[in-house]
Amino acid sequence: MGDMGFSWPSVFVVVVVGLVLNAAVVCNGGITSAFVRRVEQSVDMPLDSDAFLVPPGYNAPQQVHITQGDRVGKAVIVSWVTVDEPGSDTVLYWSENSQIKNNATGIVVTYQFYNYTSGYIHHCTIKNLEFNTKYYYEVGIGNTTRTFWFTTPPEVGPDVPYTFGLIGDLGQTYDSNATLTHYELNPMEGKTLLFVGDLSYADHYQFQDNVRWDTWGRFIERSAAYQPWIWTAGNHELSLAPALGEDIPFKPYTHRFHVPYRTSNSTAPFWYSIKRASAYIIVLSSYSAYVKYTPQYQWLFEELPKVNRSETMRVMFESWFVQYKVDVVFAGHVHAYERSERISNIAYNIVNGLCAPVNDQSAPVYITIGDGGNIEGLANNLTEPQPKYSAFHEASFGHAIFDIKNRTHAYYSWHRNQDGYAAEADSLWFFNRYWYPFDDSTTNHSLSI
């Protein structure tokens with residue numbers, strides 16, 4: 001049982017992982033998008049871009065971002081950077097209908113990476129918040145304070161409507177800017193962003209120039225300071241550079257982005273779980289060991305029953321996803337968009353030697369959404385003809401929305417950057433695998449919504 005007394009079937013179960021999961025290739029499948037994107041290089045915005053503006057004032061807080069700070073949504077981790085000196089490590093906060101300001105004290109960390117020394121990175125957890133309440137918060141000191149706001153989620157429950165956004169492999173190109181703008185102006189209004197890994201792409205630069213971590217922090221502040229971004233680490237967060245004397249993995253990532261991993265009894269910040277409204281979100285790391293008897297494997301083995309209802313990560317964990325009726329798995333890494341049907345395992349035909357995934361209505365839908373707009377560009381070499389397991393695929397930049405309506409239904413949509421803000425390039429009604437386990441596949445044309 002979970003912390004709030006809700007069992008696994010009470011919520012939509014979402015798994016987020018920073019690397020695309022392995023799948024078999026069998027052709028003649030679903031929809032290959034007819035959209036033709038103009039072929040052009042993805043280019044990082046220059047350091048003096050308006051998207052990276054430094055806030056005015058001496059030692060002004062910058063790169064402000066928030067994430068969930070506990071198991072159920074009653075705490076928020078506020079993070080920011082000061083450049084000139086540590087300054088204040090205190091956050092003032094108050095609810096929309098109150099004039100009484102509370103305060104919470106955090107920590108300050110710094111790190112060095114080759115020839116780069118970070119600013120003063122602050123992390124402060126605000127606790128014991130009320131559900132479904134708008135809060136203002138203030139960081140900084142003297143004449144350089146900055147004020148932001150956020151809204152806490154409703155109390156965890158099976159029929160609580162809640163809307164999540166999804167972005168992966170964002171980077172800091174002009175396309176990245178278009179993706180974030182598109183998400184911000186989507187009329188479906190995501191309340192919390194699930195980020196599926198590969199953040200700044202600073203490792204693209206000589207000496208893994210960590211200045212590009214600073215620019216990325218200022219770039220996303222316009223969204224991440226006002227709604228929680230739920231973090232997943234990808235391969236571009238590894239930051240391993242033995243030739244530079246940098247042999248500690250994830251150093252910039254772990255210093256800059258804190259997550260509430262201990263609240264779910266995780267032993268590392270790369271795999272953890274949270275509950276938010278009507279979703280049970282499990283974050284996994286394919287760049288941390290996950291084979292049998294490793295800490296991540298053991299944690300997931302113990303985590304899944306709590307909610308009661310040379311191998312790849314999917315091979316290792318797929319049977320658990322099916323057994324515990326995970327509704328959807330979001331992954332990044334591949335710079336394109338693809339949504340699968342509900343499939344599991346591999347069936348081999350001993351007569352003709354062909355193999356194919358099995359249609360399985362207890363299995364999750366696998367969605368690859370590594371199309372945020374990073375400097376490496378799009379993965380245009382999609383398998384054609386389209387595999388049978390694939391319901392829709394397209395090499396375009398974009399974002400997605402996962403809108404949970406109640407315990408039985410959720411509406412999912414993918415939005416390409418070239419379309420209008422309300423346009424849906426792909427969409428699907430999800431039926432909860434426990435409460436409403438009917439066929440929600442793209443090929444089923446008799447859905448009962």
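- The number of heavy-atom neighbours closer than 6.0 Å to CD of Glu189, taken from other residues, nucleotides and ligands shown, is 12 or below.
- Ring centroids of Phe270 and Tyr287 are separated by 6.0 Å or more, keeping the two rings apart.
- Aromatic ring centres of His182 and Tyr421: separated by under 6.0 Å.
- A donor-acceptor contact shorter than 3.5 Å links the side chain of Thr144 to the backbone of Ile141.
- Looking at Arg71, its side chain does come within 3.5 Å of a backbone N or O of Ser273 through a donor-acceptor pair.
- At a cut-off of 3.5 Å, with distance as the only test, no side-chain donor of Ser223 or Glu184 sits close to an acceptor on the other residue.
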**Full working for side-chain contact (heavy atoms from CB on, under 4.5 Å) between Phe402 and Leu194** = CA-CA 10 Å; Phe402 192 68; Leu194 303 181; over 6 Å; no

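- Nearest approach of Ala241 to Gln208, heavy atoms of both residues: CB-NE2, 3.8 Å.
- Heavy-atom minimum distance, Pro153 versus Phe131: O-CD2, 3.2 Å.
- Closest approach of Pro61 and Pro55 over heavy atoms only: O-CG, 3.3 Å.
- A donor-acceptor pair under 3.5 Å links the side-chain atoms of Gln68 to the main chain of Lys275, judged by distance alone.
- A donor-acceptor pair is defined here as one N or O able to donate and one able to accept, closer than 3.5 Å; no such pair exists between the side chain of Asn59 and the backbone of Thr82.
- Between Pro46 and Tyr174 the shortest heavy-atom distance is CD-OH, 3.2 Å.
- Between the side chain of Thr179 and the main chain of Gly372, a donor-acceptor pair closer than 3.5 Å is present.
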**Request:** I would like to know whether Asn186 and His399 meet side-chain hydrogen bond (donor to acceptor under 3.5 Å, both in side chains); could you show each step before the answer?
**Result:** CA-CA 10 Å; Asn186 190 319; His399 73 279; 3.1 Å; yes

**Asked** Does the pair Arg433 and Asp360 meet the rule for a salt bridge (Lys or Arg N to Asp or Glu O under 4.0 Å), with working shown?
**Response** CA-CA 11 Å; Arg433 292 300 87 195; Asp360 187 342; over 6 Å; no

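- Looking at Lys127, its side chain never comes within 3.5 Å of a backbone N or O of Gly69 through a donor-acceptor pair.
- Within a 6.0 Å radius of CG in Asn115, more than 12 heavy atoms belonging to other residues, nucleotides or ligands are found.
- By the neighbour-count criterion of 12 heavy atoms within 6.0 Å, atom CZ of Arg262 is sparsely surrounded, having that number or fewer from other residues, nucleotides or ligands.
- There is no side-chain donor-acceptor pair under 3.5 Å between Trp271 and Ser285.
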**Request:** Starting from the C-alpha separation in whole Å, work towards a yes-or-no answer on side-chain hydrogen bond (donor to acceptor under 3.5 Å, both in side chains) for Asp203 and His236.
**Result:** CA-CA 7 Å; Asp203 61 346; His236 288 279; 2.9 Å; yes

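- Counted by atom type alone, Thr163 and Asp403 present one or more donor-acceptor pairs between their side chains at under 3.5 Å.
- Of the possible donor and acceptor atoms, one in the side chain of Gln172 sits under 3.5 Å from a partner among the backbone N and O of Arg212.
- When atom types are taken as modelled, the side chain of Thr192 and the backbone of Phe164 share no donor-acceptor pair closer than 3.5 angstrom.
- Listed by first and then second residue, the side-chain hydrogen bond (donor to acceptor under 3.5 Å, both in side chains) pairs that reach into residues 43-52 are Asp44-Tyr205, sequence neighbours excluded.
- Looking at Trp299, its side chain does come within 3.5 Å of a backbone N or O of Ser264 through a donor-acceptor pair.
- Using modelled atom types and a 3.5 Å distance limit, the side chains of Asp426 and Tyr412 yield no donor-acceptor pair.
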**Message:** Does Glu85 form a side-chain hydrogen bond (donor to acceptor under 3.5 Å, both in side chains) with Tyr58? I'd like the steps, not just the answer.
**Reply:** CA-CA 9 Å; Glu85 59 179 272; Tyr58 174 78; 2.5 Å; yes

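- Closest non-hydrogen pair, Leu170 versus Ser176, comes out as O-OG, 2.5 Å.
- For Tyr116 and Tyr114, the gap between ring centers reaches or exceeds 6.0 Å.
- Closest approach of Phe113 and Ser239 over heavy atoms only: CE1-O, 3.3 Å.
- Looking at Tyr337 and Arg416, their side chains never bring a donor and an acceptor atom within 3.5 Å of each other.
- Side-chain atoms of Trp149 never come within 3.5 Å of backbone atoms of Tyr226 as a donor-acceptor pair (strictly under, hydrogens ignored).
- Side-chain atoms of Ser427 and Arg339 form no donor-acceptor pair, as typed in the model, at a separation below 3.5 Å.
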